[in-house]
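Let me begin by presenting the structure, written as structure tokens, before commenting on it.
No hydrogens, no waters, no symmetry mates; every other heavy atom, side chains included, goes into these values.
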Amino acid sequence: MIGGAKTHVILRPYKASEDQGFLYSTWIQGMYFGNTWKGPDAQSSGTFHRRFSEVIKAIITKPEVKITVAALKQDTDVILGYSVSEPGILHWVYVKPTWRKFGIAKALVPDDVKIVTHQTNKGRSIMPKAWKYDPFMI
């Protein structure tokens, strides 16, 4: 399931009180620094962070949204990555750089995904061709 890391990694449910800071921080930073659409007239980092926090909150508070966390098996509070999805839709998947290429992201993404709502330059390059990008499905 999780490549060579399977003996060290488990998938667990999201714990809002403990995981929320990591989720917000990595999702916001990933969107802000992972895209080239920002030019000299782009929003300041502070404005982007504030406004995008509202987008994340709107998504993760939807009742059909599922957040799955990949964590160390021996210490489940150590987050390696996570995915935010709802039936047929992937909003975001993140894996810490050190833990990439072990199949963790693949294990986090539900099998029924057909639409992606958020992309980075890297995400665009590895997204399956069958998936569609639709930022308005949030």
I want to check something: taking the side chain as every heavy atom from C-beta on, are Val84 and Leu23 in contact at a cut-off of under 4.5 Å?
yes
For a quick test of reading the model, state the closest non-hydrogen atom pair linking Ser83 to Leu108 and the distance between them.
OG-O, 2.8 Å
Within the 4.5 Å heavy-atom criterion, are Ile60 and Tyr14 side-chain neighbours or not?
yes
Shortest non-hydrogen contact from Val109 toward Val113:
CG1-CG2, 3.8 Å
Measure the shortest side-chain to side-chain distance between Leu72 and Trp99 over non-hydrogen atoms and say whether it is less than 4.5 angstrom.
yes
Nearest heavy atoms of Lys122 and Ser125, plus distance in Å:
O-OG, 2.6 Å
Sorted by chain and number, sequence neighbours left out, side-chain contact (heavy atoms from CB on, under 4.5 Å) with Ser25 holds for Gln29
To the nearest 0.5 Å, tell me how far Gln20 CD sits from Lys15 NZ.
14.0 Å
Restricting to pairs with a member in residues 56-68, which pass side chain to side chain donor-acceptor pair (under 3.5 Å), not counting sequence neighbours?
Lys62-Glu86
Can you tell me how far CD1 of Ile59 sits from OG1 of Thr117, rounded to the nearest 0.5 angstrom?
5.0 Å
Quick check: are there more than 12 heavy atoms from other residues, nucleotides or ligands sitting under 6.0 Å from NZ of Lys96?
yes
Under the ring-ring contact (aromatic ring centres under 6.0 Å, His included) test against His118, which residue among Tyr133, Phe52, Tyr32 passes?
Phe52
Give the minimum heavy-atom separation between Pro97 and Tyr94, together with the two atoms involved.
CD-OH, 3.6 Å
Share the residues that join Ile89 in a hydrophobic cluster, the rule being Ile, Leu, Val, Met, Phe, Trp or Tyr side chains under 4.5 Å apart at the heavy-atom level.
Ile115, Met137
Please report the shortest heavy-atom distance between Trp131 and Val116, naming the atom on each side.
CE3-CG2, 3.4 Å
For the student: nearest non-hydrogen atoms of Ala70 and Val9, plus distance
CB-CG1, 4.1 Å
Is there a side-chain contact between Tyr82 and Arg12 (heavy atoms, below 4.5 Å)?
no
As an exercise, state the distance from CD of Glu18 to CG of Asp77, rounded to the nearest 0.5 Å.
6.0 Å
How long is the span from the CD1 atom in Ile28 to the CD1 atom in Ile56, to the nearest 0.5 Å?
4.5 Å
